[in-house]
Participant: 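A single structure is presented below for examination.
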Amino acid sequence: MEQRVTRARTLKGEITPPGDKSISHRALILNSIARGRAEISNFLPAADCLSTLACLQALGVEIELDRACSERSRRGKVVIHGVGKKGFVGPRDVLDAGNSGTTMRLLAGLLAAQPFVSVITGDASLRTRPMDRVIQPLSLMGADIRGRDNNTRAPLTIRGPALSGVEGGMLHGIRYRLPMASAQVKSSILLAALFATGDTIIEQPAPSRDHTERMLQAMGASIKSEGSTITLSPITDPLAPLTLRIPGDISSAAFWLMAGAIHPDARIRIMGAGTNPTRSGIIEVLQSMGASLKIENERLEGREPVADLLIESSPLEGTNIGGDLIPRVIDEIPTIALAASVASGTTVIRDAGELRVKEVDRISATVRELSKLGADIEELPDGMIIHGVAQLRGGRCHSHGDHRLAMTLGIAGLVAEGETTITDAEVVDISYPAFW
């Protein structure tokens, strides 16, 4: 599908972003481990989250979707009937994670503890992405996981400890220092640790999104965070089901934040966006660039901070982005690069080498496509250098199968002269089906 976007004369209005993708995944998985019924509202019915849902159903979890979810509207409701610690069943077929790295990595932790054999795969893109980052710590816990390319790529074959000769038929807790800040790896280990013997201690080099920890605490798990260290004890009693409303996705809201900041006549109010400090680095970046941004009506929903955000046209200035900020803005780098392209001065982004192993090489693809629109941007091994220009121009761009790049190019079209065409634009269904 091709999507054509032309420069907007004005951007004024109110938008409610879809439910947070990361929290939607975790609400499904953790409530499946609980015993009892949980109702999730504002669930994100995007392709990635539906991959997680389908895998859990194949493992014997009863999940009900309302009509809104089945039609992939902006938001919907899901009812999950958790099976408890011992209620999962061996799948009859290969599990398909689609394009979702979150699905594959988190479910690897869950599957590693089960008393059956499972195989999980994904689409061509996902099968190129590194899985050794979860295989290594899970193997230290006693898991038997085999993958392609010397156990670094999917498909993954996972044999539960009861089948692979692990003493006592259970995984064991470990102390593990993450080589990089990664919420997916951290969450995979925590899921396995729920079923293990003994405590599991995870040391983080820098903070990463903490939705898993917040949700586990709300469901009664014995988990504590002290500085950069997380300690989890295995569950003895079942987790309590958690009914919640999922906050709006700050990564989806970021596109409208940037649109409001870079358009010359804009005033956009974003309602109910999650402002978890481990995710909201985009707000810090915009503030450092001089954006006219107000945070209003701050509140808590399901132990997650939420607020309304008001963004207006702003004369942005270049900034430096790197270090511990990167894990908190990693998904927003393409749209930050767009804003930097029309800001005054120079923006330098470093320490973002993780973008090389996303759905595509997101550094290279972002540089290539924004350059087509007149951006003055150069590629670094772990980031980009962007020199602001006065005006972008329309052009023909390719999403490279990357949902975040497709949406970034769409926002670029709102401020570029002429018409901007984005090919493979349907890829936005991965995280934001109602975007266009």
Side-chain angles (χ1 to χ4, degrees), residues 17-27 29-30 42 44 48-49 101-102 105-106 109 133-134 176-191 193 200-219 221 223-232 242 244-254 257 270 272-288 293 295 298-307 309 321-333 335-336 349 351-355 358 404 431:
D20 187 284
K21 185 158 76 89
S22 294
I23 300 176
S24 292
H25 282 294
R26 287 157 174 80
I29 295 171
L30 290 174
N42 203 36
L44 174 65
D48 276 10
C49 298
T102 301
R105 293 187 178 117
L106 268 62
R133 55 186 59 181
V134 294
Y176 187 75
R177 179 169 178 79
L178 296 171
M180 66 183 74
S182 170
Q184 291 182 2
V185 177
K186 174 177 63 175
S187 297
S188 182
I189 298 169
L190 290 173
L191 285 165
T200 291
I201 301 170
I202 300 173
E203 299 175 3
Q204 304 183 87
S208 62
R209 56 191 68 179
D210 65 354
H211 306 306
T212 302
E213 298 97 300
R214 288 174 182 259
M215 201 172 292
L216 281 171
Q217 189 172 54
M219 298 172 78
I223 184 170
K224 61 181 180 180
S225 297
E226 296 179 345
S228 60
T229 301
I230 303 163
T231 303
L232 175 68
L242 181 64
L244 76 156
R245 183 186 187 280
I246 293 175
D249 196 317
I250 188 67
S251 294
S252 297
L257 288 172
I270 299 166
T275 52
N276 183 312
T278 64
R279 287 283 302 283
S280 57
I282 186 65
I283 292 174
E284 295 175 39
V285 169
L286 279 167
Q287 289 172 334
S288 74
L293 172 63
I295 304 172
E298 296 182 79
R299 56 202 186 272
L300 284 176
E301 292 183 2
R303 297 209 179 189
E304 290 280 349
V306 175
L309 306 173
I321 302 168
D324 290 352
L325 179 58
I326 290 295
R328 298 187 288 121
V329 294
I330 193 69
D331 288 336
E332 290 77 59
I333 295 295
T335 192
I336 292 171
I349 301 172
D351 305 316
E354 175 68 10
L355 292 173
K358 290 291 186 179
R404 301 198 190 279
S431 65

Participant: For Cys49, does its backbone N or O pair with a side-chain atom of Ser24 as donor and acceptor, under 3.5 Å?
Facilitator: no

Participant: Tell me if a side-chain donor or acceptor on Ser280 pairs with a main-chain N or O of Asn276 at a distance below 3.5 Å.
Facilitator: yes

Participant: Rounded to the nearest 0.5 Å, what separation is found between the CG atom of Leu30 and the NE2 atom of His211?
Facilitator: 12.5 Å

Participant: Would you check if Ile23 and Met215 make a side-chain contact, meaning some heavy-atom pair closer than 4.5 Å?
Facilitator: yes

Participant: Answer whether the closest heavy-atom distance between the side chains of Leu309 and Ile295 falls below 4.5 Å.
Facilitator: yes

Participant: Between Ser208 and Lys186, does any side-chain donor sit less than 3.5 Å from a side-chain acceptor?
Facilitator: yes

Participant: Just how far is it from atom CD1 of Ile29 to atom OG of Ser187, taken to the nearest 0.5 Å?
Facilitator: 8.5 Å

Participant: Asp249 side chain to Lys21 main-chain N or O, any donor-acceptor pair under 3.5 Å?
Facilitator: yes

Participant: Any heavy-atom pair between the side chains of Leu178 and Pro205 that's under 4.5 Å?
Facilitator: yes

Participant: Can you name the nearest heavy-atom pair linking Pro277 to Pro305, along with the distance?
Facilitator: CD-CG, 4.1 Å

Participant: Would you mind reporting whether Lys358 and Ile330 have side-chain heavy atoms less than 4.5 Å apart?
Facilitator: yes

Participant: What residue among Ile333, Leu355, Val329 forms side-chain contact (heavy atoms from CB on, under 4.5 Å) with Ile349?
Facilitator: Ile333

Participant: Would you call Arg209 and Asp20 a salt bridge, using N to O less than 4.0 angstrom?
Facilitator: no

Participant: If only side-chain N and O atoms count, and only distance matters, is there a donor-acceptor pair under 3.5 Å linking Ser182 with Arg133?
Facilitator: no

Participant: Which heavy-atom pair separates Thr200 from Ala193 by the least distance, and what is that distance?
Facilitator: OG1-CB, 3.3 Å

Participant: Check whether the side chains of Ser251 and Arg279 place a donor and an acceptor atom closer than 3.5 Å, and report yes or no.
Facilitator: yes

Participant: Distance alone, cut at 3.5 Å: any donor-acceptor contact between the side chains of Ser228 and Glu203?
Facilitator: no

Participant: Please tell me if the side chains of Val285 and Leu325 come closer than 4.5 Å, counting only heavy atoms from C-beta onward.
Facilitator: yes

Participant: Please lay out, stage by stage, how Glu213 and Leu232 fare under the test side chain to side chain contact (heavy atoms under 4.5 Å, CB included).
Facilitator: CA-CA 9 Å; Glu213 298 97 300; Leu232 175 68; over 6 Å; no

Participant: Roughly how far, to the nearest 0.5 Å, is the CG atom of Leu293 from the CG atom of Leu286?
Facilitator: 6.0 Å

Participant: What is the minimum heavy-atom distance between Ile282 and Ala254, and which atoms define it?
Facilitator: CG1-CB, 4.1 Å

Participant: Heavy atoms, side chains only, cut-off 4.5 Å: are Thr102 and Asp48 in contact?
Facilitator: no

Participant: In Å and rounded to the nearest 0.5 Å, what is the CG to CD1 distance from Leu216 to Ile223?
Facilitator: 5.0 Å

Participant: What is the minimum heavy-atom distance between Glu304 and Pro247, and which atoms define it?
Facilitator: CB-CG, 3.8 Å

Participant: If you compare all heavy atoms of Ala27 against all heavy atoms of Ile246, which two are closest, and at what distance to 0.1 Å?
Facilitator: CB-CD1, 4.4 Å

Participant: Look up atom CZ in Arg328 and atom CD in Glu284, then write down how far apart they are to the nearest 0.5 Å.
Facilitator: 4.0 Å

Participant: Atom CD in Gln184, atom NE2 in His25: separation rounded to 0.5 Å?
Facilitator: 8.0 Å

Participant: Show the nearest heavy-atom pair for residues Arg105 and Ser188, with the distance to one decimal.
Facilitator: O-OG, 2.8 Å

